[in-house]
Every structure is written in C-alpha cells, then in structure tokens.
Amino acid sequence: GLTAQHLKKSKLMFFFTRYPCVTTLKSYFSDVQFSRSTTSQLIKWFSNFREFYYMQIERFAREAVCDGVEETTDLVVDRDSELFHVLNIHYNKSNDFQIPQRFLEVTTTALREFFGIVRCNNDLETGWKKIIYKVI
DNA sequence: CTATCCCCTG
DNA sequence: CAGGGGATAG
C-alpha cells in the first residue's frame, strides 16, 4: 500500500507534473507494487492536488480583480508571492525542497489565465475552468 | 466496460 | 484526502 512517505513524494512530484500519466507514476514509484487500487489512489491524489491548486489560483485572481489590477502582466508569481507561500505550505510543508522555477512560470500563466476570464465576467459559462486546464 | 476527469461532500 | 456521481473517451 501507499504510505505517508509516498504521499509526501507525490506532493513534491506535483511541482513538476500536474497531470502525470500512469507510466510516469510507475517509474517514479518503483518501490510500489501497483494494483488497480493503488493506481487509482495515486490518480486521486493528483486530482485532489489540482483542485486545491486551481482553487487557490482562482482566489488570488479574483482578489487581483477586486484590487483593480489593470495589466495582466502585472501579475507575477515569484517566491515572495502570497500565492506561492500558500502552495508551498500545502505541498512542501517541511520546506525542505527547492521549488523548480518552471512551477512558478506555470502558476503565473494559470493566474493570468484566471484573471483574464474573471475580469471579463466570462466565468458564468459552464466549464470555463476547463479551458484554463487545457492551457496548463 | 474501463480509465480518467471534474465537481461536490464529509 | 477519500467517496461517489455524472460525463467522456477509447
């Protein structure tokens, strides 16, 4: 079965891939004997990771709109960002890992994507989030 | 019918 | 996070 160590490892893996395929998971967790159960559990973990991830990004995007941010390019997620802090606590609690720069770039892209749609009030159409998920 | 994803709950 | 429903792709 999967242990707490595997969960921790999964969270760090999330910094590199938001949508890992089964093949990637199996190669990354070579010490795990995969079964239908463990596989779906890992898939579920990443699904939950994404939900928290996008939920936080959406929250900050809405705050930016309320704060009257004009230029989309003014939105940048760096290591000093509040958004980064929230995500780091969630996926890297012990803070013993250096989050890859690529993750910051991806998150910045996602934040701008959410911002653009929310600002134009296009967030009423059903499935508007899926458009963003495809970008990332 | 199986695998995945999203969405909502607890 | 885990469960479960609804939707979708192969």
Side-chain angles (χ1 to χ4, degrees):
Chain A
L2 296 171
T3 66
Q5 272 52 4
H6 291 133
L7 174 58
K8 182 176 181 180
K9 194 173 179 180
S10 296
K11 290 187 174 183
L12 294 186
M13 187 178 178
F14 186 72
F15 285 119
F16 297 92
T17 49
R18 264 61 62 189
Y19 292 86
C21 61
V22 179
T23 311
T24 303
L25 290 173
K26 289 185 175 179
S27 62
Y28 198 72
F29 293 94
S30 55
D31 62 323
V32 176
Q33 57 284 29
F34 280 83
S35 67
R36 206 199 310 273
S37 174
T38 57
T39 300
S40 58
Q41 187 178 1
L42 269 174
I43 294 291
K44 182 60 180 177
W45 279 358
F46 277 86
S47 177
N48 283 327
F49 293 163
R50 286 193 296 273
E51 288 185 11
F52 178 82
Y53 178 64
Y54 290 123
M55 192 180 296
Q56 296 308 312
I57 293 177
E58 180 181 353
R59 185 162 70 80
F60 278 81
R62 289 185 184 287
E63 284 183 15
V65 172
C66 289
D67 292 344
V69 174
E70 292 293 333
E71 294 299 318
T72 301
T73 52
D74 287 343
L75 295 174
V76 178
V77 180
D78 55 34
R79 297 175 195 286
D80 296 321
S81 301
E82 195 180 333
L83 173 56
F84 173 79
H85 182 64
V86 173
L87 296 175
N88 189 55
I89 287 180
H90 190 77
Y91 305 109
N92 186 31
K93 188 79 175 181
S94 54
N95 198 43
D96 54 5
F97 183 75
Q98 256 294 335
I99 280 65
Q101 188 62 35
R102 179 78 184 112
F103 179 76
L104 297 177
E105 297 170 4
V106 172
T107 306
T108 295
T109 300
L111 179 61
R112 292 177 175 175
E113 209 69 32
F114 267 99
F115 176 78
I117 294 180
V118 173
R119 178 180 53 179
C120 299
N121 292 316
N122 286 151
D123 57 330
L124 293 179
E125 301 171 34
T126 51
W128 64 280
K129 293 179 183 178
K130 292 184 179 180
I131 300 175
I132 299 176
Y133 299 162
K134 287 182 180 178
V135 177
I136 304 170

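Note that these values count all heavy atoms, side chains included, but never hydrogens, waters or copies made by symmetry. Chain letters run A, B, ... following the sequence lines, proteins first and then strands; every chain starts at 1.
Spacing between atom NZ of A/Lys26 and atom P of B/dA3 amounts to 10 Å, rounded to whole angstrom units. Rounded to whole Å, the distance from CZ on A/Arg50 to C1' on B/dC7 is 13 Å. Following rounding to the nearest Å, A/Phe49 (CZ) and B/dC6 (P) show an atom-to-atom distance of 15 Å. The distance between atom CD1 of A/Ile43 and atom P of C/dA2, rounded to the nearest whole Å, is 13 Å. As rounded to whole Å, 11 Å separates atom P of B/dC7 from atom CD1 of A/Ile132.
Base engagement by A/Glu51 is indicated by at least one non-hydrogen atom pair under 4.0 Å involving a base atom. Residue A/Phe52 is classed as having no contact, given no heavy-atom separation below 4.0 Å to the nucleic acid.
For A/Phe60 and A/Phe115, the ring centers are positioned 6.0 Å apart or more.
Within residues 1-20 of chain A, the residues approached by DNA chain C to less than 4.0 Å at the level of any non-hydrogen atom are A/Leu7, A/Lys11, in residue-number order.
Of the candidate nucleotides C/dA2, B/dT4, B/dC7, C/dA2 has the atom lying nearest to any side-chain atom of A/Asn48. Considering only the side chain of A/Arg36, B/dA3 comes nearest among B/dA3, C/dA2, B/dT4. Checking B/dC7, B/dC5, C/dC1 against every side-chain atom of A/Lys44, the shortest atom distance belongs to B/dC7. Of the candidate nucleotides B/dC7, C/dA2, B/dT4, C/dA2 has the atom lying nearest to any side-chain atom of A/Gln41.
Taking side-chain N and O atoms only, A/Tyr54 has no distance below 4.0 Å to OP1 or OP2 of B/dC5.
A/Asn92 places none of its side-chain heavy atoms less than 4.5 Å from the side chain of A/Lys11.
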For side chain to side chain contact (heavy atoms under 4.5 Å, CB included), just list the numbers for A/Val106 and A/Tyr53, CA-CA rounded to whole Å, side-chain angles, deciding distance to a tenth of an Å, and then say yes or no.
CA-CA 12 Å; A/Val106 172; A/Tyr53 178 64; 3.9 Å; yes

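Using cut-offs of 30° and 60° on the angle between ring planes, the pair A/Tyr133 and A/Tyr54 is tilted.
Atom CE of A/Met13 and atom CG of A/Leu25 lie 5.0 Å apart (nearest 0.5 Å).
Here the closest heavy-atom approach between residue A/Gln33 and residue A/Thr38 is recorded as O-OG1, 3.9 Å. Smallest separation of non-hydrogen atoms from A/Arg119 and A/Glu70: NH1-O, 2.9 Å.
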